[in-house]
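Note sheet for the following structure.
All residue numbers in this chain count up from 1 along the given sequence.
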Amino acid sequence: MKLKRTHMCGKLRATDDGQTAILAGWVNTYRDQGKGLIFVDLRDRSGMTQIVFDLEDVAEEVVTLAKALRREDVVAIKGLVRMREAGANPKLTTGEIELAAVELEILNKTENPPILPDEHDAEKIAEEKRLAYRYIDLRRPRMQEILTTRHKLTRLTRDYFGDEGFLEVETPFLIKTTPEGARDFIVPSRLYPGQWYALPQSPQIFKQILMVGGCDRYMQIVKCFRDEDPRADRQAEFTQIDLEMSFVDRDDVIDVMGRFVTKVWKDILDVEIGEIKTISWHDAMERYGIDRPDLRFGLELEDISDLAAKMDFKVFTGALEKDKGVVKAMRIPGGVEKMTRKMTDACSEFVKTFKAGGAPSVKYTGNGFETGIAKFIGPIADELKTRLGLEPGDLVFFTADTWNIATKAMGELRNKIARDLDLIDPSLWNFVWVIDFPMFEYDEEGSRWNALHHPFTSPMPDQMEKLATDPGGCISAGYDLVCNGSEIAGGSIRIHDQNVQRKAFELLGITPEDAEMKFGFLLKALRFGAPPMGGIAFGLDRLCMLLVGTENIRDVIAFPKTQTGQDLMSEAPGPVDLTQLEELHVRSHLPES
């Protein structure tokens, strides 16, 4: 490389007028004006600069090379920075200047690219093709911006928590399998035939042991692995900002982590998020039907079970006869004009996917209640109007079933209607801590308790006795941080008393033998002086999604997997040589290809 770069392509400004500069990058566009001028937009990750080749002023060899340039060729160009004669281009940060080329070096000629890194073309190209040629797709300015934002986030994370006294400690990737929750990815051991490692779903047990080991405050930006079906905001291989603290209670953790997200949004987006509100899990479910509520819009739910009991409507009365049966209502301001019959019918079908029987509706007009279930409303008309604060033109939806089904179905419907009616202001940022989760939820089909967070979550200090007397009413010291309806972090104060941990395992149906097999080394550690501890994990990928404004997790990962878990660029997963399997003492039951 003869020409050594002196400036990035997006850095030159009017203040550089008259300077000599050498730029290096990819040919983004090529235009031969046919009047002795060739224009090239040269691109690197910092941006673009317009290059001008005046064919009368440059050497013949430069003319020959310049005429042969094509998009995505890699070149280095030396020239004089000058102000644009035709006026500034407001679309470019370098739009006031151009580089009058005097030397050109071809660093690499490209074959005809299968895709081009243009933003307007990206949406037209199938994602699978962009992922197969990710090294070209990554050249897009949008992708470079995302990678830069992710870098800023990880750098800020290390700086912030370092200043807060956290030590960055690496935990192992080859661990013992603990078949809880999602499926593990497992790795055979060559040295121990028939024995297997697992890739960690999270460093949970190790970070607790670090607290037992006196680390006091731990942080790690760590890869985690879960063998579960991918979706738009989830990958089998993902990244966490993982944290743990000793000698703390819930408020201490919430304080440190709240200041962290406040700094992230201010430093990266220049947004002041203000004080982060707190809501109990019960209130979130009752008012919004979901434990990660989006608070950028209203549409709060109302329990009208007491009113529904006065109606002669079998859908409602039948639901109320069930154990924990309820009737929920949701007012849609101005919904009479905003929602067509087709939309209301679609809403009723939508809630069926969440096990509800449907979503009956009624219009409230200047003449009272009309259409839908209006004929059943009579006995409660005035009370319903007052309870929901109805005004003429409002539409009301209802669900009726057990509390779990009716509440959750209405919560999902609330989000759908907000999207359909464009009620969400995308410029708003709304953060909320959800606290006071139930310690357990009962699985009717399995006839057992399940941990709402994980088996190591502690009850609140005043709830310890309920582990023995009322596990269903026991409130945990868990907490989730929600931003615009997306859970971006979850954690809890941990159980540090071996007797409490033993009782929690017992309620979860984990026998002492199973506990010893799965978590033996943690249980042993708890017997040797474990401090009170609590922690949290942020989904770094989800944080990045919010910061850059995408709903696709693959956009914020340099080399992601597809929805079916494939890496189309490296062609993983793929077959392995039978010799490798023999060394690992693993036998394949699949036919040889």
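A side-chain N or O of Asn552 and one of Glu127 form a donor-acceptor pair less than 3.5 Å apart. The closest side-chain donor-acceptor pair between Asp436 and Ser280, if any, does not fall under 3.5 angstrom. At a cut-off of 3.5 Å, with distance as the only test, a side-chain donor of Arg150 or Thr239 sits close to an acceptor on the other residue. Using modelled atom types and a 3.5 Å distance limit, the side chains of Gln201 and Asp184 yield a donor-acceptor pair. In the model, Ser486 has no side-chain atom that pairs as donor or acceptor with a side-chain atom of Asn484 under 3.5 Å. Thr402 and Asn404 form no side-chain donor-acceptor contact under 3.5 Å, judged by distance and modelled atom types alone.
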Next on the checklist: Does Met330 form a side chain to side chain contact (heavy atoms under 4.5 Å, CB included) with Ile332? I'd like the steps, not just the answer.
Outcome noted: CA-CA 7 Å; Met330 179 170 59; Ile332 313 299; 4.1 Å; yes

Item to check | Asp306 vs Arg387, salt bridge (charged side-chain N to carboxylate O under 4.0 Å, His left out): CA-CA, chis, key distance, verdict | outcome: CA-CA 11 Å; Asp306 58 327; Arg387 180 79 62 85; 2.8 Å; yes

Item to check | Full working for side chain to side chain contact (heavy atoms under 4.5 Å, CB included) between Tyr364 and Leu395 | outcome: CA-CA 6 Å; Tyr364 181 70; Leu395 182 69; over 6 Å; no

Next on the checklist: Between Phe376 and Phe316, does the ring-ring contact (aromatic ring centres under 6.0 Å, His included) criterion hold? Intermediate values first, please.
Outcome noted: CA-CA 10 Å; Phe376 301 105; Phe316 288 179; 8.5 Å; no

Next on the checklist: Run Lys561 and Gln566 through side chain to side chain contact (heavy atoms under 4.5 Å, CB included) and show every step you take.
Outcome noted: CA-CA 5 Å; Lys561 306 293 188 294; Gln566 293 178 296; over 6 Å; no

Checklist entry - Where do Phe505 and Asp514 land on the side chain to side chain contact (heavy atoms under 4.5 Å, CB included) test, with the steps shown first? => result CA-CA 9 Å; Phe505 282 157; Asp514 283 343; over 6 Å; no

Item to check | Full working for salt bridge (charged side-chain N to carboxylate O under 4.0 Å, His left out) between Glu286 and Lys328 | outcome: CA-CA 9 Å; Glu286 287 286 356; Lys328 293 280 188 175; 2.4 Å; yes

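Comment: Glu300 engages Arg287 in a salt bridge, judged by a side-chain N to carboxylate O separation of less than 4.0 angstrom. A salt bridge links Arg494 with Glu244: the closest approach of a Lys/Arg side-chain nitrogen to an acidic carboxylate oxygen falls below 4.0 angstrom. Salt bridge annotation for Glu164-Arg259: present, with a cationic side-chain nitrogen under 4.0 angstrom from a carboxylate oxygen. Using a cutoff of 4.0 Å between basic side-chain nitrogens and carboxylate oxygens, Asp401 and Lys322 are scored as salt-bridged. A salt bridge links Glu228 to Arg234: one of the charged nitrogens lies within less than 4.0 Å of a carboxylate oxygen. Salt bridge status for Arg130 with Glu123: absent, with no side-chain N to carboxylate O gap under 4.0 Å. Here Lys266 pairs with Glu272 in a salt bridge; the nearest charged N to carboxylate O distance falls below 4.0 Å.
Here the rule is ring pair (Phe, Tyr, Trp, His ring centres under 6.0 Å) with Phe161, and of Tyr218, Phe166, Phe538 only Phe166 fits it.
Side chain of Thr399 to main chain of Ala406: a donor-acceptor pair is present (N/O by atom type, distance under 3.5 Å, no hydrogens or angles). Side-chain N or O atoms of Tyr479 include one that pairs as donor or acceptor with a backbone N or O of Ser492 at under 3.5 Å. Side-chain atoms of Ser476 do not come within 3.5 Å of backbone N or O of Met439 as any donor-acceptor pair. Proximity of a side-chain donor or acceptor of Asp252 to a complementary backbone N or O of Asp249 within less than 3.5 Å is detected. The backbone N or O of Glu237 sits nowhere less than 3.5 Å from a side-chain atom of Lys223 that would complete a donor-acceptor pair. Put simply, the side chain of Arg217 never gets that close to the backbone of Met245: no donor and acceptor are under 3.5 Å apart.
Once rounded to the nearest 0.5 Å, the distance linking CE of Met311 with CG of Leu320 reads 10.0 Å. Note that CG of Leu295 is 14.5 Å distant from CH2 of Trp429, once rounded to the nearest 0.5 Å.
Within the 4.5 Å cutoff, the side chain of Pro512 has no heavy atoms near those of the Arg502 side chain. Residues Val315 and Phe398 form no side-chain contact, since every pair of their non-hydrogen atoms from C-beta on lies 4.5 Å or further apart. Using a 4.5 Å heavy-atom threshold, the side chains of Leu507 and Phe440 count as touching. With contacts defined as side-chain heavy-atom distances shorter than 4.5 Å, the pair Pro560/Leu131 qualifies. Here the side chains of Phe519 and Phe456 are in contact, with some heavy-atom distance below 4.5 Å. The shortest side-chain heavy-atom distance between Val548 and Val556 falls under the 4.5 Å cut-off. Within the 4.5 Å cutoff, no side-chain heavy atoms of Lys277 are placed close to those of Trp433.
Aromatic ring orientation, His453 versus Phe437: perpendicular (interplanar angle above 60°, classes split at 30° and 60°). Classified by interplanar angle (parallel below 30°, tilted 30° to 60°, perpendicular above 60°), the ring pair Trp449/Tyr442 is perpendicular.
Residue pairs meeting the side-chain hydrogen bond (donor to acceptor under 3.5 Å, both in side chains) criterion with at least one member in residues 332-342, sequence neighbours excluded, are Arg341-Asp345.
Residues that satisfy the salt bridge (Lys or Arg N to Asp or Glu O under 4.0 Å) test with Asp251, not counting sequence neighbours, are absent from this structure.
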